[in-house]
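Remarks on the structure that follows.
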Amino acid sequence: MLEIIYPIEKGCYEMKNHVVTRFSPSGVSKEVGHYTHITKIKPNATFYTFSGQIGADLGGDIPNDFNQQVENTFINISNLLKSVDLEPDNVIKVNIWSIVEIDWEYFDKIYCDFFGEISPSMTIAYVNALGLDSIKIEIEIWAAG
């Protein structure tokens, strides 16, 4: 897990990169998962968008097992971030598309280990298909550094 973030005020956290702040304001519903409602980027930060990542291993093979695809997807995301000198706390938005029901117990463990205690903004959707028949999950991230 990452070094803990810095609380600015109750429910508002500046990430250790000092570019990203995550918070959930009062007056909106409590989160139903591991995310924050709002992610703020400081002025003059560099904004990164990444293509959606799938569960292919480093050789390009896509396992049939859904949870292995989840694990591989986060390995791929980690490697992308490292390639531009970013860390998970630089991620400002996560979009998740899945064609099968997500095993939340397994997914949440991988997700929370990756992002730590305060997760970025997130959207999840179940869809009928992804780019190839063998792809069961795709995760897209946006980041700032």
Side-chain angles (χ1 to χ4, degrees), residues 1-7 11-42 45-145:
M1 186 159 28
L2 295 172
E3 174 184 325
I4 200 64
I5 34 68
Y6 308 101
C12 186
Y13 300 92
E14 182 177 85
M15 307 313 290
K16 70 179 182 177
N17 62 47
H18 303 289
V19 173
V20 175
T21 303
R22 297 179 182 157
F23 59 99
S24 290
S26 60
V28 297
S29 65
K30 184 179 182 318
E31 298 90 345
V32 296
H34 300 283
Y35 61 91
T36 52
H37 283 295
I38 299 173
T39 303
K40 179 182 170 184
I41 307 162
K42 289 201 174 174
T46 302
F47 183 69
Y48 297 82
T49 62
F50 298 87
S51 294
Q53 295 301 298
I54 62 171
D57 63 20
L58 294 178
D61 296 319
I62 302 171
N64 190 46
D65 180 69
F66 179 79
N67 287 342
Q68 186 61 57
Q69 285 195 28
V70 169
E71 188 172 330
N72 289 353
T73 300
F74 278 98
I75 291 168
N76 294 334
I77 290 169
S78 178
N79 290 339
L80 277 179
L81 289 169
K82 289 175 187 172
S83 76
V84 290
D85 296 322
L86 297 177
E87 297 183 17
D89 74 343
N90 292 98
V91 175
I92 59 171
K93 178 74 167 116
V94 179
N95 291 318
I96 301 167
W97 299 280
S98 181
I99 64 166
V100 299
E101 186 173 343
I102 294 172
D103 174 352
W104 287 109
E105 184 175 340
Y106 185 83
F107 186 91
D108 282 348
K109 180 179 180 350
I110 299 289
Y111 192 85
C112 292
D113 285 349
F114 189 78
F115 286 113
E117 187 176 332
I118 309 297
S119 300
S121 301
M122 174 184 18
T123 299
I124 299 170
Y126 288 103
V127 296
N128 291 330
L130 291 164
L132 299 171
D133 289 340
S134 56
I135 300 171
K136 296 179 181 178
I137 189 165
E138 184 167 346
I139 301 176
E140 173 194 39
I141 60 167
W142 306 349

Shortest non-hydrogen contact between [X] and [Y], atoms and distance:
X    : Y    : result
Y126 : I102 : OH-N, 3.1 Å
Y111 : S119 : CE2-OG, 3.6 Å
I41  : A144 : CG2-CB, 3.6 Å
N90  : V20  : O-CG2, 4.0 Å

> Hey, is the main chain of S98 close enough, under 3.5 Å, to the side chain of K136 for a donor-acceptor pair?
Replying inline: no
> For the side chain of Q53 and the backbone of F74, is there at least one donor-acceptor N/O pair under 3.5 Å apart?
Replying inline: no
> Going through the distances and angles, do I99 and L130 end up as a side-chain contact (heavy atoms from CB on, under 4.5 Å)?
Replying inline: CA-CA 7 Å; I99 64 166; L130 291 164; 3.9 Å; yes
Do the non-hydrogen side-chain atoms of [X] and [Y] ever get within less than 4.5 Å of each other?
X    : Y    : result
V94  : I124 : no
N79  : I75  : yes
D103 : V70  : no
V91  : L81  : yes

> Do N67 and E71 get their side chains close enough for a donor-acceptor pair, meaning under 3.5 Å?
Replying inline: no
> Relative to each other, are the rings of F107 and W104 parallel, tilted or perpendicular (30° and 60° limits)?
Replying inline: perpendicular
